[in-house]
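These notes are about the structure you will find just below.
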Amino acid sequence: MAAVDTRARRSALLPAGLPPFGVTREQAALLLSISVSLFDSAVEVGTMPQPRVLGGRNIWDVDEIWASFRALPHKAGMSQDPDELRPQGNAFDNAKKA
């Protein structure tokens, strides 16, 4: 008998339009369109939230990720020549240096 993918089976039980409350670190990084290593650094320096723990698993609260993302600074105003624009540093830049 072939093995059944339990993740696929569990997700099929939920309504298609129901968003997740919590995500893995890989999923959290994907939500932000960044690498997992940059997400880990941002968590370490406090730019992104710490995970919650359930049954020994780390799960990030989607609402907390959203709030942390919304707290990030906007890019500085555009100059006449976009190629000359130097972005201002932010907490993610600081996370890369940590």
Side-chain angles (χ1 to χ4, degrees):
M1 182 173 182
V4 176
D5 183 358
T6 57
R7 286 186 192 171
R9 193 173 76 228
R10 282 187 297 219
S11 66
L13 296 174
L14 296 173
L18 180 66
F21 300 130
V23 293
T24 66
R25 68 190 256 274
E26 292 85 1
Q27 291 168 324
L30 282 171
L31 285 172
L32 295 165
S33 299
I34 61 174
S35 69
V36 173
S37 61
L38 180 54
F39 179 76
D40 290 344
S41 295
V43 169
E44 187 176 315
V45 299
T47 304
M48 285 291 124
Q50 291 289 321
R52 296 176 183 268
V53 180
L54 179 61
R57 291 191 58 207
N58 290 331
I59 303 171
W60 276 263
D61 183 313
V62 173
D63 290 334
E64 291 175 356
I65 293 169
W66 176 246
S68 295
F69 173 76
R70 298 287 297 185
L72 292 173
H74 287 93
K75 187 175 181 177
M78 295 295 288
S79 69
Q80 294 290 37
D81 183 357
D83 291 331
E84 293 178 6
L85 181 64
R86 300 268 184 211
Q88 299 292 324
N90 63 41
F92 273 107
D93 293 333
N94 296 339
K96 288 190 239 181
K97 296 174 188 169

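Applying the salt bridge (Lys or Arg N to Asp or Glu O under 4.0 Å) rule to pairs touching residues 25-36 yields Arg25-Asp40, sequence neighbours excluded.
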Item checked: Candidate pair Asn58 and Val53, rule side-chain contact (heavy atoms from CB on, under 4.5 Å), full reasoning -> CA-CA 5 Å; Asn58 290 331; Val53 180; 3.7 Å; yes
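Taking CZ of Arg57 as the reference point, atom CZ of Arg52 lies at 15.0 Å (rounded to 0.5 Å). Distance check, rounded to the nearest 0.5 Å: OG1 of Thr24 to CG of Leu30 gives 8.0 Å.
Within the 4.5 Å cutoff, side-chain heavy atoms of Ile65 are placed close to those of Pro49.
Around the CG atom of Leu18, the shell of radius 6.0 Å holds more than 12 heavy atoms that belong to other residues, nucleotides or ligands.
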May I have the list of side-chain donor-acceptor pairs in residues 31-39 shorter than 3.5 Å, sequence neighbours left out?
unit_1, atom_1, unit_2, atom_2, d
Ser35, OG, Ser37, OG, 3.2
Ser35, OG, Leu38, N, 3.1

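Taking all atoms of both residues into account, the shortest heavy-atom contact from Glu64 to Gln50 is OE1-O, 4.2 Å.
Note on Val43: it clusters hydrophobically with Val62, by side-chain heavy-atom contacts below 4.5 Å among ILVMFWY residues.
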